[in-house]
J.: 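Have a look at this one.
All figures in this text were calculated on a predicted structure; none of them were measured in a lab.
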Amino acid sequence: MKVKVMFVMVILICFIGSFTATAQTICDNQVGTQGSWTYEYWKDQGTGCMVLGDGGSFSCDWSNINNLLARKGLRPGSMSQVVTYSANYNPNGNSYLCVYGWTKSPLVEYYIVDSWGTWRPPGGEGLMGTVSSDGGTYDIYRTQRVNQPSIEGNTTFYQFWSVRTAKRTSGTISCGNHFSAWAGKGMSMGNLYEVSMCVEGYQSSGTANITSMSMTTGSTATDPPTATTAPNETPAPTGVSTSAPGTDCSTAPTWSSTAIYETAGMRVVYNNNLYENNWYSSGQNPEQNSGDFQVWTLIGPCDSSQTPAPTSAPTTAPTTAPTTPPVQTTAPTNPPVATATPQPGAGDVWIDPSSLQVGMGQSFTVTIRANTGSQIFAAYGFDVTYPGNILSLDTSVVSNGVEEGADGFIAAVNAQNAGSIVISGFDAEGTGPGTSLHINTVYFTAGQNAGTADIGLAVNILADPDTNDIGVPNGTGATVTITDVLLGDTNGNGTIDIVDALLIAQDYVDLNPADFNPAAADTNCDGAINIVDALLIAQYYVDLVPGFCL
């Protein structure tokens, strides 16, 4: 028996060790090298980690952060750097997938953005023109940061942006094309400090896996750029921010204070400028409500030769919440098996994840999140309903099964009646604004029968410090699927053996094994999948333990 146990343990440890040699996980701020690559992981607050893969590959995940950057590249890099990459990118909120770096003398922070989350950077201000490169068109912007963090400490500096007009998550970025286009508009770069592939998150959550990334250099950039400027435009002198005139506003109506702009992407003209809404809007002046994380984005000044379309007739206020964007899904590595919920319109409150799968008798959590748009969030009242014969509140963590989230506050919780939770809160100063504020966490335990259970959410109030409603308050619930799984049978073949333990080991080091069922892997029922679960299966296999979650 002892020989068998030792044999199993040695195989498991050796198997795990063979896959952890190249996978370094970083959860604290750090700068380092991996071969010829330089990596940097930085966040100011929240939860997140970066995992270094082979070559230029890396992955990261983040939750409820304020600001996070995970990047890998070359320092100093080359002005003719060509970056080729492929990524699985699943942001929930504001995030960028980009080539990123700095120059010195002058100090410049630059972005070449290929994809983003719910907000397209940098918000439309400082538009300088466009550049065509690598099969796509990028808008060029210049913005200024005043007394903000940089590689030289807190100071004032410019940001240079190339933002692709259509998102993508793989391809080639010829940096030299963008650098040349910027220079042609008077946007002077200094000496390169770095060229990195980067994932940035701001007040959001998400996952990203840069599955491959390589960097090459050449004497000239590939695919020479075609830069455009407005007629009669002269390059802007260094230190002067200009916008490119000549935006076609002929098809956009003039903004009306009584009109309802229900879905994102609707364009209007106000004071001879073109604006686009980021979410539901009514009565919010574009000029006064545009910029970072505001309801309106300034596209640019209108061509004076164009005449805006007539003001559209105001629509009747909807009785339901604004239409939400299509659902994006992400595949988490740990159970419950969940579908990530996208950030809806301002005033919407939702349960995240929107759908999840758990095993019979398994404990799990859901979060209540809200989008407050541009408004401070100060008061709320929610009714949460659930089938009390299928789910129960887990009071082992907190006495009533509900606790405040990272962005929330609680005044009262009434969970005395099975199947119903009434939650309310008020804070005079408030929190936010934000597109995915974490208000509450609710702890549940699944029953002993397979089936589905709907968790409902009704919003009685969602208000700012002046008691004004935030958007059109609306609640969206979630669906829980309870499965009849054999705990420990991670490959679903009906037996529990050492193969099941090895699959957990592969999953633990992010190898994404085939036929792996995470719902059967949490053998100690602590809510996480790790080596302890694999070792428990090994012990069970040699009859050292009678079962799991004991």
J.: Could you report the tightest heavy-atom contact between Gln203 and Pro433, atom names first, then the distance?
T.: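 Closest approach of Gln203 to Pro433: OE1-O, 3.6 Å.
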
J.: With a 3.5 Å distance limit and no angle check, can you tell me whether Lys43 reaches the backbone of Asp28 through a side-chain donor-acceptor pair?
T.: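 Answer holds: no.
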
J.: Rounded to the nearest 0.5 Å, how far does CG of Asn285 lie from CH2 of Trp255?
T.: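 Spacing of CH2 (Trp255) from CG (Asn285) equals 4.5 Å.
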
J.: Counting only N and O atoms by type, is there a donor-acceptor contact under 3.5 Å from the side chain of Asp407 to the main-chain atoms of His438?
T.: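 Confirmed, Asp407 side chain pairs with His438 backbone.
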
J.: Assess the side chains of Glu287 and Asn271: does a donor N or O sit below 3.5 Å from an acceptor N or O?
T.: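 Yes - a donor-acceptor pair under 3.5 Å links their side chains.
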
J.: How about Ser162 and His178: does a side-chain donor come under 3.5 Å of a side-chain acceptor?
T.: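 A donor-acceptor contact under 3.5 Å links the two side chains.
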
J.: For the pair Thr385 and Ile455, evaluate side chain to side chain contact (heavy atoms under 4.5 Å, CB included) and give the outcome as yes or no after the intermediate values.
T.: CA-CA 6 Å; Thr385 57; Ile455 302 175; over 6 Å; no

J.: Would you check, one step at a time, whether the test side chain to side chain contact (heavy atoms under 4.5 Å, CB included) holds for Leu462 with Phe377?
T.: CA-CA 7 Å; Leu462 188 70; Phe377 159 67; 3.4 Å; yes

J.: For the residue pair Ala378 and Asp464, what are the closest heavy atoms and their distance?
T.: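 That closest heavy-atom pairing would be CB-C, 3.7 Å.
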
J.: Looking only at the side chains, is there a donor atom on one of Thr441 and Glu403 sitting less than 3.5 Å from an acceptor on the other?
T.: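 There is no such pair (donor and acceptor under 3.5 Å, judged by atom type) between the side chains of Thr441 and Glu403.
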
J.: Less than 4.5 Å apart, side chain to side chain, heavy atoms only: is that true for Ile439 and Phe409?
T.: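 Heavy-atom side-chain distance check fails, nothing below 4.5 Å.
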
J.: Between Phe382 and Tyr380, is the ring centre distance below 6.0 Å?
T.: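 Yes.
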
J.: Identify the two heavy atoms, one from Ala453 and one from Ile390, that lie closest to each other, and give their separation to 0.1 Å.
T.: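 Looking at all heavy atoms of both residues, the closest pair is CB-CG2, 3.8 Å.
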
J.: Among Phe160, Phe157, Tyr158, Tyr193, exactly one meets ring-ring contact (aromatic ring centres under 6.0 Å, His included) together with Trp102. Which residue is that?
T.: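 Single ring-ring contact (aromatic ring centres under 6.0 Å, His included) partner of Trp102 among Phe160, Phe157, Tyr158, Tyr193: Phe157.
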
J.: Has the side chain of Arg369 got a donor or acceptor atom that lies under 3.5 Å from a matching backbone atom of Ser436?
T.: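 Pair found, side chain donor or acceptor close to backbone of Ser436.
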
J.: I want to know whether Tyr202 and Trp119 have ring centres closer than 6.0 Å.
T.: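 Here the rings of Trp119 and Tyr202 have centres that are no less than 6.0 Å from each other.
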
J.: Under 4.0 Å between a side-chain nitrogen and a carboxylate oxygen: does that hold for Arg71 and Glu194?
T.: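 Yes.
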
J.: If you apply the rule side chain to side chain contact (heavy atoms under 4.5 Å, CB included), what do you find for Thr165 with Arg120, and how did you get there?
T.: CA-CA 9 Å; Thr165 56; Arg120 185 176 186 264; 4.1 Å; yes

J.: If we count only N and O atoms by modelled type, under 3.5 Å, do the side chains of Ser150 and Glu152 hold a donor and an acceptor together?
T.: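 On atom types as modelled, these side chains do not qualify, holding no pair under 3.5 Å.
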
J.: Sequence neighbours left out, what passes ring-ring contact (aromatic ring centres under 6.0 Å, His included) with Phe444? Give chain and number order.
T.: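 Expected list: Phe364, Tyr386.
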
J.: What is the minimum heavy-atom distance between Pro473 and Gly471, and which atoms define it?
T.: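 Taking Pro473 first and Gly471 second, the nearest heavy atoms are CD-O, 3.4 Å.
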
J.: Which one of Trp116, Tyr141, Tyr111, Trp182 satisfies the ring-ring contact (aromatic ring centres under 6.0 Å, His included) criterion with Trp161?
T.: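 Going through Trp116, Tyr141, Tyr111, Trp182 one by one, the ring-ring contact (aromatic ring centres under 6.0 Å, His included) with Trp161 is satisfied by Tyr111 alone.
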
J.: In terms of side-chain heavy atoms, does Asp348 have a donor or acceptor partner in Asn371 at a distance below 3.5 Å?
T.: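 Asn371 and Asp348 do not have a side-chain donor-acceptor pair below 3.5 Å.
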
J.: Pair Glu40, Asn29 - check side chain to side chain donor-acceptor pair (under 3.5 Å), show working.
T.: CA-CA 8 Å; Glu40 183 166 352; Asn29 292 357; over 6 Å; no

J.: At what distance, to the nearest 0.5 angstrom, does OH of Tyr41 lie from SG of Cys49?
T.: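 If we round to the nearest 0.5 Å, Tyr41:OH and Cys49:SG are 5.5 Å apart.
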
J.: Let me confirm one number: the CG-CG distance from Leu68 to Asp44, rounded to the nearest 0.5 Å.
T.: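 So the CG of Leu68 and the CG of Asp44 are separated by 8.5 Å.
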
J.: In a single word, yes or no, tell whether Cys98 and Cys198 have an SG-SG distance below 2.5 angstrom.
T.: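 No; the two sulfurs sit 2.5 Å or more apart.
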
J.: Within the 4.5 Å heavy-atom criterion, are Ile410 and Asn440 side-chain neighbours or not?
T.: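 In short, these two side chains touch, coming nearer than 4.5 Å.
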
J.: Restricting to side-chain hydrogen bond (donor to acceptor under 3.5 Å, both in side chains), what partner residues turn up for Thr155, sequence neighbours left out?
T.: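 Testing Thr155 for side-chain hydrogen bond (donor to acceptor under 3.5 Å, both in side chains), a comparison that skips the adjacent residues, returns none.
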
J.: For the pair Thr367 (side chain) and Asp352 (backbone), establish whether a donor and an acceptor sit closer than 3.5 Å, ignoring hydrogens and angles.
T.: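 Confirmed, Thr367 side chain pairs with Asp352 backbone.
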
J.: Just by distance, no angles: are the side chains of Tyr85 and Asp114 close enough, under 3.5 Å, to form a donor-acceptor pair?
T.: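 Yes - a donor-acceptor pair under 3.5 Å links their side chains.
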
J.: Side chain to side chain contact (heavy atoms under 4.5 Å, CB included) for Ile140 and Leu127? Distances and angles first, verdict last.
T.: CA-CA 6 Å; Ile140 298 174; Leu127 181 64; 5.9 Å; no

J.: What's the separation between atom CE in Met50 and atom CG in Leu69, rounded to the nearest 0.5 Å?
T.: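 The CG atom of Leu69 is 10.5 Å from CE of Met50, to the nearest 0.5 Å.
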
J.: Mind listing the closest non-hydrogen atom pair of Ala252 and Leu274 along with its distance?
T.: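 Minimum heavy-atom contact is CB-CD1, 3.6 Å.
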
J.: Nearest 0.5 Å please: distance from the CG atom of Leu437 over to the CG atom of Asn64.
T.: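 Rounded to the nearest 0.5 Å, the CG-CG separation comes out at 9.5 Å.
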
J.: Between the side chains of Asn92 and Ser204, is a donor N or O closer than 3.5 angstrom to an acceptor N or O?
T.: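 Side-chain D/A pair, Asn92 to Ser204: absent.
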
J.: Taking Thr156 for its side chain and Asn147 for its backbone only, find out whether a donor-acceptor pair lies under 3.5 Å.
T.: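 Yes, because the side chain of Thr156 sits within donor-acceptor range (under 3.5 Å) of the backbone of Asn147.
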
J.: To check you understand the geometry: which heavy-atom pair defines the closest contact between Val269 and Cys249, and what is its length?
T.: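 The pair with the smallest heavy-atom distance is CG2-CB, 3.6 Å.
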
J.: Verify, without hydrogens or angle tests, whether Asn414 (side chain) and Gln416 (backbone) share a donor-acceptor contact under 3.5 angstrom.
T.: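 Yes.
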
J.: Taking the side chain from Asn400 and the backbone from Val413, do they hold a donor-acceptor pair closer than 3.5 Å?
T.: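 Looks like no, no N/O pair under 3.5 Å.
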
J.: Quick check against the 3.5 Å criterion: does Thr372 have a side-chain atom that pairs as donor or acceptor with the backbone of Gln375?
T.: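 Side chain of Thr372 to backbone of Gln375: a pair is present.
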
J.: Return the CD to CD distance between Gln159 and Glu109, rounded to the nearest 0.5 Å.
T.: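 It is 4.5 Å, given to the nearest 0.5 Å.
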
J.: According to ring-ring contact (aromatic ring centres under 6.0 Å, His included), who are the partners of Tyr89, at least two apart in sequence or on a separate chain?
T.: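 Residues passing ring-ring contact (aromatic ring centres under 6.0 Å, His included) with Tyr89: none at all.
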
